[in-house]
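So the structure is just underneath, and the comments pick up after that.
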There are 2 protein chains.
Amino acid sequence: MSNGRSLLPMSRSGADLALLLLGGFRSLADAATAELARRGHEDVRPVHDFAMRAIAAGADNASELGRRLSVSKQAAAKTVAVLQERGHVTREADPLDGRRKRLRVTPLGHEVLRQGEAIFDELREEWEQRIGPEALATLETHLTTLVGSRPVRLDAPGLPLRDLDEPL
Amino acid sequence: MSNGRSLLPMSRSGADLALLLLGGFRSLADAATAELARRGHEDVRPVHDFAMRAIAAGADNASELGRRLSVSKQAAAKTVAVLQERGHVTREADPLDGRRKRLRVTPLGHEVLRQGEAIFDELREEWEQRIGPEALATLETHLTTLVGSRPVRLDAPGLPLRDLDEPL
DNA sequence: CCAATTAGACAACCTTGTTGTCCATCAACA
DNA sequence: TGTTGATGGACAACAAGGTTGTCTAATTGG
């Protein structure tokens, strides 16, 4: 009686659960990336969205961004470089601190953020229609309980968790 | 009554849902990788586990492995190379087909698989204890409905989905 | 028997991370 | 004021895990 439902033909292994979660994420992320591309914003990945969001939320220099994203400042700087190249953020010298380059999300960047958000919300609604709003809400509640609010890194699943540049 | 629970301070955005799913996966995967390392199997990532499982399940050459993992045969070959180097799989000439190198999971490889499975199952049990077995089962059922049984790729979330080597 | 397909090797490259080093600037304190 | 330490950023080198493209050898099918 280790499992009262052993008659149902469904996955009960921990590994399958993990794959299911990953599959869920990828479904959403891939669909969103594709849709964003269709709307004219090529090659915007979750990482970019996430980074812009952090910048908009106050991480206005590369080092700070790295800290928020739990990533080295060098990695953050690289991401910033591509965002800048695409015109999604600007970098200008900080008049108050000669070391800093102040980051700001451009109107174009904000537009991308807005559309990304809308697309994710549409996808979520689709899911609501498929399993019902209550079921989805419950799922979210439980996941929140399980995952907690630890910061989530967006990079490749399976990288070793290491100490980062200048740890807190 | 668009949402009967609007008083609860929880996420209702599609992006948060995605992050929650990713967070769930990473929680499990990171914990499993760490625990596996603690048990003496350093640096075994989900990709390796997944690949070994496919090999054990019959993908006994690199090209076939690539197909099963939805990855180019070259990428599969690289993975095989590290598995071989670690003594988790062997590669020997196929006597029936001079082109093929037949892959086989070694006893050590099987041991890693076994332990990995056990660890994931333990993690799942932990989750069961935190939200209850029924809740977790429901969550799995719903997720299965939503993501279906499409093959899930384990690589970095956010890579563009492209046509692969020698498409089906 | 020849043409097409397939397995694998090899090389070059991309992306997104990581270190490590180095310099300029700021902040703090004797 | 001046030295010392911390911080921001740039640059280079490298790793992991993907991708393509090209090439050879072996097998398979007409």
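Convention: sequence-line order gives letters A, B, ...; per-chain numbering from 1. Model, not experiment: these values are computed from the prediction.
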Taking only N and O in the side chain of [X], is any of them less than 4.0 Å away from OP1 or OP2 of [N]?
X	N	answer
B:R99	D:dA25	no
B:S63	C:dT6	no
B:R67	C:dT6	no
A:R100	C:dC26	no
A:S72	C:dG17	no

_When you compare the side chains of B:Q129 and B:E125, does any donor N or O come within less than 3.5 Å of an acceptor on the partner?_
no
*How would you label the contact of A:R91 with the nucleic acid (heavy atoms, under 4.0 Å): base, sugar-phosphate, or nothing?*
sugar-phosphate
_Using a 4.0 Å heavy-atom cut-off, does B:A62 contact any base of the nucleic acid, only the sugar-phosphate backbone, or nothing at all?_
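Since only primed, P, OP1 and OP2 atoms lie under 4.0 Å of B:A62, the category is sugar-phosphate.
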_Along DNA chain C (nearest heavy atom to each residue), the more 5'-positioned of A:T79 and A:G98_ = A:T79
_If you assign A:D94 and A:A75 each to the DNA chain C nucleotide with the nearest heavy atom, which residue ends up on the more 5' nucleotide?_
A:A75
*Side chain of A:N61 only, please: which of D:dA26, D:dG8, D:dG18 is the nearest?*
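Of D:dA26, D:dG8, D:dG18, D:dG8 is nearest to the side chain of A:N61.
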*Nucleotide nearest B:K78 when distance is taken to its side chain, options D:dG18, C:dG8, C:dT18*: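 The nucleotide sitting nearest to the side chain is D:dG18.
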Gap between atoms [atom1] and [atom2], on [X] and [N] respectively (whole Å):
X	N	atom1	atom2	result
B:R68	C:dA7	CZ	P	13 Å
A:Q74	C:dC22	CD	P	15 Å
B:R45	C:dT16	CZ	P	18 Å
B:L65	C:dT6	CG	P	18 Å
B:F50	D:dG18	CZ	P	11 Å
A:L96	D:dG8	CG	P	15 Å
B:K73	C:dG8	NZ	P	8 Å
B:R26	C:dG17	CZ	P	10 Å

With a 4.0 Å cut-off, would you call [X] and [Y] a salt bridge?
X	Y	answer
A:R45	A:D49	no
A:D16	B:R124	no
A:R39	A:E122	yes

*Could you tell me the separation between the CG atom of A:L136 and the CG atom of B:L146, rounded to the nearest 0.5 Å?*
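If I round to the nearest 0.5 Å, the distance is 7.5 Å.
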